[in-house]
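Working notes, structure below.
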Amino acid sequence: MSVKSTAAGGPPAKGRGRTTRAAGAKRRGEEPELVQLLTPQGERVEHSGYSLDPTPDELRGLYRDMVLTRRFDAEAITLQRQGELGLWASLLGQEAAQIGSGRATRPADYIFPTYREHGVAWTRDVDPLNLLGMFRGVNNGGWDPAENHFHLYTIVIGSQTLHGTGYAMGLAKDGADAAVIAYFGDGASSQGDVAEAFTFAAVYNAPVVFFCQNNQWAISEPTEKQSRVPIYQRAAGFGFPGVRVDGNDVLAVLAVTRAALEHARSGQGPMLVEAFTYRMGAHTTTDDPTRYRSDEEREEWASKDPIARLRTYLDKEGLADEDFHAELAAESDALAKRVRDGVRAMPDPGPMAMFDHVYADGHALVDEERAQFAAYQASFADSADSAEGSGASRTPAAAHGKGH
Amino acid sequence: MSVKSTAAGGPPAKGRGRTTRAAGAKRRGEEPELVQLLTPQGERVEHSGYSLDPTPDELRGLYRDMVLTRRFDAEAITLQRQGELGLWASLLGQEAAQIGSGRATRPADYIFPTYREHGVAWTRDVDPLNLLGMFRGVNNGGWDPAENHFHLYTIVIGSQTLHGTGYAMGLAKDGADAAVIAYFGDGASSQGDVAEAFTFAAVYNAPVVFFCQNNQWAISEPTEKQSRVPIYQRAAGFGFPGVRVDGNDVLAVLAVTRAALEHARSGQGPMLVEAFTYRMGAHTTTDDPTRYRSDEEREEWASKDPIARLRTYLDKEGLADEDFHAELAAESDALAKRVRDGVRAMPDPGPMAMFDHVYADGHALVDEERAQFAAYQASFADSADSAEGSGASRTPAAAHGKGH
Amino acid sequence: MTQTATQATQAARSSGATTSMPIAKALNESLRKALENDPKVLIMGEDVGRLGGVFRITDGLYKDFGEDRVIDTPLAESGIVGTAVGLALRGYRPVVEIQFDGFVFPAYDQIVTQLAKMHARALGKVRMPVVVRIPYGGGIGAVEHHSESPEALFAHVAGLKVVSPSNANDAYWMLQQAIECDDPVIFFEPKRRYWDKGEVAVDAVPTGLHQAVVAQPGTDLTLVAYGPMVKVCLEAAAAAANEGRSLEVVDLRSLSPIDFDTVQASVEKTGRLVVVHEAPVFYGAGAEIAARITERSFYHLEAPVLRVGGFHSPYPPARLEEEYLPGLDRVLDAVDRSLAF
Amino acid sequence: MTQTATQATQAARSSGATTSMPIAKALNESLRKALENDPKVLIMGEDVGRLGGVFRITDGLYKDFGEDRVIDTPLAESGIVGTAVGLALRGYRPVVEIQFDGFVFPAYDQIVTQLAKMHARALGKVRMPVVVRIPYGGGIGAVEHHSESPEALFAHVAGLKVVSPSNANDAYWMLQQAIECDDPVIFFEPKRRYWDKGEVAVDAVPTGLHQAVVAQPGTDLTLVAYGPMVKVCLEAAAAAANEGRSLEVVDLRSLSPIDFDTVQASVEKTGRLVVVHEAPVFYGAGAEIAARITERSFYHLEAPVLRVGGFHSPYPPARLEEEYLPGLDRVLDAVDRSLAF
Ligand SMILES: Cc1ncc(C[n+]2csc(CCOP(=O)(O)OP(=O)(O)O)c2C)c(N)n1
Ligand SMILES: Cc1ncc(C[n+]2csc(CCOP(=O)(O)OP(=O)(O)O)c2C)c(N)n1
Ligand SMILES: [Mg+2]
Ligand SMILES: [Mg+2]
């Protein structure tokens, strides 16, 4: 065994100058071997390891999921622009990765998302309005994770891979016929927590699928700043399989994720799926991607659009007629309207909500501060009454206008 | 590409019950493919990837290093038993891994040890007495790392792999013809910091060799609690080579580490070396390994003793005569005596040392507390004078006897 | 609702027998009882299995409850707490052991960002009944990172509860209560007192987890302490008694929340307060107690609240710890200074 | 050695011209100057390169100094700080950016256990000139983890220095001084004030990094604040002036060490003290200030030191932050309460 024989990802580049540039980085845009069942041109292809035989209904269902998800996402961006949301993290371009993997789960499975898994949430029947609460700033999540087996969004990148692993350890203890799928990004792959999750999952043979959406950007940093080899290869060194799938091919993602979940459910332990996709929009609505990436790159990826390719296929095969598309368009509009109206009607929490749910079993200081704050608030009501129109700085209006 | 084809370490065991037992764990004691140049029986063997042509002097030198290191270690254990040290972390059994890798370094290289690298320190000409300070409790290290390019011992496991990587990034920036070697254990391999070090080293192509002494135990936990595949395989998933070497074969360790350092120095980036060895003693002097491992295992590994096998070879080849062994025995005794006498003579730091070196550029609070404490101490001197023999609880003697 | 330690022991005595055991054994018995009572309770940590933990707190539990309940983990503290969060989401009640105080920091993010906030993030829809046991404090002659007192770094964080027993009976009961609590509890164990024996009343009705107790009644000055320093304060009270001074010792027991009512009642009786802990004084628990009690009892205080604790320096090498740790004399020095006001 | 802000500005004016710029720009200029002055200075962090940081504090530096000096790192905070420690050992002076307050915790172990202790561990033989820049605090309508004030969690730790500027001139100078300091400095930037403009005197002799300044002289009561709350306190002082009350505002600037002398001098003049910060009150910086000043100035205080700050709850969702954050009215309420004593 020579040194070279143990190297993965080919030999790194020779020569080192004074720079810290990464060697052996893959060239941008070049896709390594990945599982594909539907080409960007909408051609069905076969793969020796993964097969899928979807019914027309299933195909239309996947298409519908992606279209509605994209519409929801677009509406959220608009709502952010209109000031109804403080922020939005768009999934534009990642619909296939999310719908494909989400549809591969079963009700008993449990999902641990990042902050961008709106498509996965859709497949779990989470009300889209629920997803908007944290972006509007009325809560930090707030849906009941147990209801749809869809955990709250996690913002601190990578953390949720450990929660997923722990949950999966629990599933194994319970002998449950279910698995966990834990999402993370290419950027998050660098976090120590993700490596620790791999270690725990492997050592306890936990039924968890790690699903990395490699959308090639972590805000402004390209994936080469995280790894010099494809991320799916990370798994082997922890003792479990990894696979890269075309993340813009909903059929391939569905097939690969289904197999991975089955692998986990059947007692074979964890698996890593890297969905090679692309973040077509900004990181979030506060981001300006023109500062760090080229139009050409975006355009190149536009040609691999996950929705367009399935539509091409559906149309070509005569699986979706005009009526279908018209109905879907109407459904999209209705969804957008429901979301729009719903957000605008979303009530702000009352100020006392700050003191709720800090603890499940109570805490004397929280009680004390709640009471003090209530008294303080009440004192304004009094002074506002008595000092009405006086313009004193202590009225609630002034408190809100000047105090911050 | 099928799921299985991407799996490393063979398919994990089938079937999952209610247990969290790791599947696919390697069987204990069975050694996977590793680089070996000298068998446990003292036979020289060739390896296609690594060769070494040591002179008789070099061979005797390596033997001498190992013997003296072991003697030093034994003396430290004795000193701990006698109460001269608070604790000792013995390297017994790991002499070849440490001497072989330490002797592979050049003066310009920089070493980041754990708390057990007494043999490596020896090869860097660090005065063994210096190593004892922290175990005696007179300091937390305290030698000058720059002097021998040997960093302070790091107790929090894994942390130093990041320091080594950062240092190596600096070496690369400076265009230095040098590399870093960062040590860590099989247990530490689970720490997120180690994975992050791998990531940074790979991305910046830093000249660092990660040297894992897999001594098969992390206190009471066998390596299966950290990984279900050999640890050297971890590297490939981060995009750099990993290799496993017989850690009880000083020649193989020397050859492999030399190649790895050369790999790093020549601009090819990081490399992982896993030295497969065995902790023959307790984790530290406070540990009782009979609680968790069998005598058989220890005995089996005794037959692979790193010193015995080189001695067999030297004797067989007529490279070391009785004079050599007698001289070495005398040298060992002298070293032991120097260490013994040196430890006993090691002064306790004065109490005001607590306030030294908290900051390089000073800190008002430290100055204030120093002054207050000095005044407080001085007040005892007074009261001890005035209350001499009164048996009052406020004398310094009482302070030490009862106050804690 | 102030209760003296004597009353507590009497209450205990009235409802059943007591057994003398060291704190370490009381913790071990407490864990055993929790494992027996609730199949969802798990023990997790480094070396907690076959070895029984480096302090033997989990001794025998692996043998009796198996590796499904008593889990040796990979050496990764963030992983331990992070997976405990996931297990809690699945309905388990993990009791996590951090081997030494100085090794909790790799898990700090998971504790502060996830464990502490998950219940609030979910608007109460999930619960995080996780106990993080941390042997803490100095005085055992150890190397770096094995003697720290980081409790303030947890008590500042909303969502966590922080407690520390000072004696065997509290060790037994407070650990039970922490495990039964549906909130995350950081459970600081006074490691240098592990072998101190005390009476444990296993059939008693225990004092509330977050209630302070008057461990020694007195009239001239109040000493507040918790964990390892309670013993030092009781010794100081005894020494002071010889000099004709009556010190009241309050064992705080809980650092989040703090039972300020009990402290306030004591201070309004004695008029003077000295807070003692091993942790550095600067930004330590003593600051919070001093600030709050001064606000509550401004007109009752005859002297400013004084604090005795660690210096603003890393915990020193073992040969210096006697000088570093607050001992009898430093406490009495502060008492003198307070009384001199 | 108390210096008023007016004196400081006068000193600045006497030695050269001033330029008006926002805090963000002052920080940017400061980094640029440091990169120019010392080839060992490096900038490291997530998105600090081509993007110029999410707040654009490093804008243009990547272009002008290249990727060797301005380093986009993998997304791993422990790795960022841990490699910065190694670079410091090699003689570099890394200036690390943590993207938001809530993301510093994965690096907490490296900061507390390694960065803070390395100099002492080596008995002074190595130095750790590392600056960790953290945009902190709320008021920007952000999602979870983007509005926290964790400064007390660092100030409690020996070996670290902790500072926070409140205005553009201090932002410019204090960052220079932090980079020049041979100790690790945790540099908290008041992110909601990034776009507040102020005069920067680039040729002035700056105030000491750890010196507090009287930002507004007054006689009736002292307000102590730092970072984002200084502005609120200045507004409170102005509002109070309308009611005929003269409040002195002390800008603390440094949280470790704290310039207690300046605070003490002010309090012994006014007799009353209110400490204001965004961070939760419980175990916060206000506790340390209250405890220490009460000890130093016991007989001068006409009222207990009062604290205004965050509640013991996770930072709330954005729609509640106006209620959560101490504003003008909560400060004035505390002033009223103090004066009522
Ligand atoms: C620990 C931590 N550090 C920094 C951030 C700030 N941040 C939010 S998203 C993001 C980029 C994440 O990239 P990636 O993992 O690829 O996911 P993507 O956003 O592309 O879906 C960063 C740096 C964070 N949320 N958590
Ligand atoms: C972060 C951290 N957690 C726990 C410990 C306690 N501890 C000290 S050594 C050790 C075992 C380390 O095992 P390994 O890495 O295999 O090194 P070895 O001791 O076998 O040389 C443990 C758990 C520590 N030092 N640091
Ligand atoms: Mg990404
Ligand atoms: Mg080991």
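Naming: A, B, ... by sequence-line order, numbering from 1 per chain. A quick note: this is a predicted structure, and the numbers were derived from the prediction, not measured.
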Which heavy-atom pair separates B:Gln268 from A:Arg228 by the least distance, and what is that distance?
O-NH2, 3.8 Å
Evaluate A:Gln233 against B:Phe238 for side-chain contact (heavy atoms from CB on, under 4.5 Å), listing each step before the verdict.
CA-CA 8 Å; A:Gln233 294 181 7; B:Phe238 291 83; over 6 Å; no
Please classify the contact between A:Gln191 and chain B as side chain, backbone, both or neither, with a heavy-atom cut-off of under 4.5 Å.
both
For the atom pair NZ (A:Lys225) and OH (B:Tyr204), what is the distance rounded to the nearest 0.5 Å?
5.5 Å
Return each pair, listed once, that meets salt bridge (charged side-chain N to carboxylate O under 4.0 Å, His left out) where at least one residue sits in residues 248-263 of chain B; pairs must be two or more places apart or across chains.
B:Arg106-B:Glu262, B:Glu262-B:Arg265
side-chain contact (heavy atoms from CB on, under 4.5 Å) for B:Arg234 and A:Thr199? Distances and angles first, verdict last.
CA-CA 11 Å; B:Arg234 189 72 49 90; A:Thr199 288; 4.1 Å; yes
Max heavy-atom pairs within cutoff under 4.5 Å with chain A, candidates B:Ser190, B:Ala195, B:Ser189, goes to B:Ser190
